[in-house]
There are 2 protein chains.
Amino acid sequence: MSVEDKQKPQRNDRVTIRTVATHAGVSVAAVSKVMRNAYGVSEALRAKVTDAIEALGYRPSRAARGLRGRSFTIGVLLIDIRNPFLPDVIAGVNGVLAPSHYQAMIGVSNARVQLETSLIESMIDYKMDGLVLVAPRLPSEILAKFAVQIPIVAVGYHDASATAFDTVNADDQRGAEIAVEALLACGYRGIEMLSLGEREGHAVSVVRQREIGYRRAMQRCGFGASAPIGKIPMASPKREETMRKFLSRQDRPRAVFCWSDLDAITLLSLAMEMGVRVPDDLAVIGYDNSSTAALGLVNLASIDQSGRELGQVATRALISRIEGRTASEHILQIPSLVSRGSLIGSDTK
Amino acid sequence: MSVEDKQKPQRNDRVTIRTVATHAGVSVAAVSKVMRNAYGVSEALRAKVTDAIEALGYRPSRAARGLRGRSFTIGVLLIDIRNPFLPDVIAGVNGVLAPSHYQAMIGVSNARVQLETSLIESMIDYKMDGLVLVAPRLPSEILAKFAVQIPIVAVGYHDASATAFDTVNADDQRGAEIAVEALLACGYRGIEMLSLGEREGHAVSVVRQREIGYRRAMQRCGFGASAPIGKIPMASPKREETMRKFLSRQDRPRAVFCWSDLDAITLLSLAMEMGVRVPDDLAVIGYDNSSTAALGLVNLASIDQSGRELGQVATRALISRIEGRTASEHILQIPSLVSRGSLIGSDTK
DNA sequence: CGTTATATGGAGAACGTTCTACATTTCATC
DNA sequence: GATGAAATGTAGAACGTTCTCCATATAACG
């Protein structure tokens, strides 16, 4: 509007720590001290500086911060964004972070080890302050190597012997036991587990843990150590085909424990389509108690491991590690059963 | 192991551009040039440098890069991580980014304007190269202000008059028309829309656009301009209560068009629970064609706007803008109907 | 009043890149 | 050979912070 409109400051208008210092009539170092509320700042100085910050709308550059010190960002790595269990974890992370000055940035690896690695490296290169890895695929040694460079908490990754990083898990073995016990308590006898058919069978993975729990519960109840475990491939076309085959088997079990709601729900859908009645012909119990399982239409009994809580606990652990803790922590939550129609018919029809 | 174990380089072992330069026997600037494959690099030089990079396992620091030039990161802002439509968008973004040297970092705003603002600011402060905002809540003027500082593409945000940023949308008005037309074609006459009950009624929001399309289609078919639109609150307790009330109305319409699968699916669940048969008593059509809608158990007819494609198109637009385009683009995709059991019974029972 | 502690503020060197200028070499072309 | 033009490589100044020393001012104490 004014005649004095300048051309120059069009892009060069970034308010830096220097602008603030000049405006407040103090040194750059002083402003920095106030920002980090470091030692050696008088009330008068603080007031001057905060006023200037307010007046100019100053925001420190995260990039520059990261170059020298902390970036106040924590990275979250998700294996997969479609699994409805993961948003719960994110919600937990964000809940804990919200009141703090930390912020979360999320990366999605799509279960690709390659991408997972490069994402972790990127987060390190951004000088993020810490990482929450949700169900990472990388082997423990590699994670340990990364953990030297940045504080790490792994969620959904069983390695209680790791010393370089922390782990936060629901007790997946126990969860599987609870599932089996629930099926037995309902009187079902022929019980099978449907697990994930993956080449990698790390004991670190939650899937493997659930298999162990399933086997143990079956054995304890006298059904032999080699209780049957079916493998469902991950990729979509094969996946449904395998399930259909399972459903049409003539020696189909009376009840099935699925390693994840994701599979359980698809199974339920196919069962309906193929005329297999649930739970009359086949009882189903899933894992994660995802929001979809809770839908009236789906009505899937499931093991609840409170993703939200896992996210919260993991974040708190990470922050304590960022703030200096060095001894590793391995936290185990107890999962619980949420009974629904797929386990035992609600109506006495 | 060796006796010469040094204490010093324990943390100081970062391989920087300087390490590479020394190792290759060239200048720092030369290495930088190779990295950015800038003009003025001979084959011999390039070979020396890439060898050194390989040998040392050098990765440029994103933090330092961001401070001076590009960071090769694009920020994605999600309004909500629970809506199963959004993972599709992410998949599209990642698909386009994967072969490039760009990487995506995701922030989740949980529909909070405050958080959305601070996340955008953070991404700017990280010197990210561009932003994909998915269904942002901020008004257009504010977005325009941000767009001066960083290239922005908004997805699910209708503002074809914006000059500072691009928009990528499915044609939500058309989508709603298609839905209404489909219901009419099935012979249903009493049709209502269930929309989102929010204070904010920006025309930019997809919800409002769908309402407009619904009204227009109804009017065109002779059902008056004031076709009824019910409002469903977002928060969970009130939400279901409102739906129950709707379902038990004695003047309940014959068919309903829901603004989102999210609501449609809950409605389907409640309908089953309350004994309202779908589609015999009530036909339902949703929006988004989310993965949940496709489940056999749910079997919800829905308007497909291919989130994946939106993500791809948006990312390509963003990259072209990063690379210099200044004129704004406003892209509109045509949605399509996916007919399923909630629209017309598949079996002739 | 000296002398010593303590509290307060500032100078300036990192941090690891990018990128503008410039210096040098190589190559045509006359 | 001389003369530009083009190609190739380098020095070094940013970028916006943090943080270690230092310098000074003030308080405490005998």
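Chain naming here is simple, since letters A, B, ... match the order of the sequence lines and numbering starts at 1 in each.
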**Q** In whole Å, I'd like the distance from the NZ atom of K127(B) to the C1' atom of dG16(C).
**A**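 So the NZ-C1' distance, K127(B) to dG16(C), works out to 14 Å.
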
**Q** Under 4.0 Å: is that the gap between some side-chain N or O of R65(B) and OP1 or OP2 of dT18(C)?
**A**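 Yes, within the criterion.
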
**Q** At under 4.0 Å, does any side-chain N or O of S42(A) touch on OP1 or OP2 of dA7(C)?
**A**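 Answer is no, no contact under 4.0 Å.
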
**Q** Can you list every pair that meets ring-ring contact (aromatic ring centres under 6.0 Å, His included) and has a residue in residues 107-164 of chain A, with sequence neighbours left out?
**A**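 Every ring-ring contact (aromatic ring centres under 6.0 Å, His included) pair that includes a residue of residues 107-164 of chain A, provided the two are not neighbours, is Y126(A)-Y126(B).
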
**Q** Across the strands shown, which category fits A29(A) at heavy-atom distances under 4.0 angstrom: base, sugar-phosphate, nothing?
**A**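 A29(A): base contact, heavy atoms under 4.0 Å.
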
**Q** How many Å lie between OH on Y39(A) and P on dG9(C), as a whole number?
**A**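 So the OH-P distance, Y39(A) to dG9(C), works out to 11 Å.
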
**Q** Would you mind classifying the nucleic acid contact of S32(B) as base, sugar-phosphate or nothing, using non-hydrogen atoms under 4.0 angstrom?
**A**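 Since a base atom lies under 4.0 Å of S32(B), the category is base.
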
**Q** Round to a whole Å and report the spacing from CZ of R18(B) to P of dA11(D).
**A**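 It is 11 Å, rounded to the nearest whole Å.
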
**Q** Given that R68(B) and G40(B) both sit by DNA chain D, which one's nearest nucleotide is further toward the 5' end?
**A**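 Taking each residue's closest nucleotide, the earlier one in sequence belongs to G40(B).
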
**Q** Under 3.5 Å, side chain of D129(A) to main-chain N/O of I74(A), donor-acceptor pair present?
**A**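 The answer is no, because no donor-acceptor pair under 3.5 Å joins these two groups.
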
**Q** Atom CZ of R70(B) and atom C1' of dC15(D): how far apart are they, to the nearest Å?
**A**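 Nearest whole value for this atom pair: 16 Å.
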
**Q** Are the side chain of T50(A) and the backbone of R46(A) linked by a donor-acceptor contact shorter than 3.5 Å?
**A**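 Yes.
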
**Q** In this structure, how many angstroms lie between the P atom of dG16(D) and the OH atom of Y58(A), rounded?
**A**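 Y58(A) atom OH is separated from dG16(D) atom P by 10 Å.
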
**Q** With respect to the phosphate group of dG9(D), does any side-chain polar atom (N or O) of S27(B) fall under 4.0 Å of OP1 or OP2?
**A**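 Answer is no, no contact under 4.0 Å.
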
**Q** Scan R65(B), R59(B), R62(B) and name whichever one has a salt bridge (Lys or Arg N to Asp or Glu O under 4.0 Å) with D125(A).
**A**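 Exactly one option meets the salt bridge (Lys or Arg N to Asp or Glu O under 4.0 Å) with D125(A), and it is R59(B).
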
**Q** What's R59(A) touching, base or sugar-phosphate or nothing? Going by heavy atoms closer than 4.0 Å.
**A**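 Answer is sugar-phosphate: R59(A) comes under 4.0 Å of backbone atoms only.
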
**Q** For R46(B), which contact category applies under a 4.0 Å heavy-atom criterion: base, sugar-phosphate, or nothing?
**A**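 Nothing: the residue R46(B), judged by heavy atoms under 4.0 Å, touches no strand.
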
**Q** What is the distance, rounded to the nearest whole Å, between atom CZ of R14(A) and atom C1' of dT17(D)?
**A**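 To the nearest whole Å, that distance equals 11 Å.
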
**Q** Expressed as a whole number of angstroms, how long is the span from M35(B):CE to dT17(C):P?
**A**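 These atoms are roughly 8 Å apart.
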
**Q** Need one value for R36(B): base, sugar-phosphate or nothing, where a base atom within 4.0 Å counts as base even if backbone is also close, heavy atoms only.
**A**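 Since a base atom lies under 4.0 Å of R36(B), the category is base.
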
**Q** Please report the C-alpha distance between R137(B) and E116(B) in whole Å, then the side-chain angles of each, then the deciding distance to 0.1 Å, and finally whether the salt bridge (charged side-chain N to carboxylate O under 4.0 Å, His left out) criterion is met.
**A** CA-CA 8 Å; R137(B) 294 293 246 245; E116(B) 183 173 315; over 6 Å; no

**Q** In whole Å, I'd like the distance from the CD1 atom of I17(B) to the C1' atom of dA14(C).
**A**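 That distance rounds to 17 Å.
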
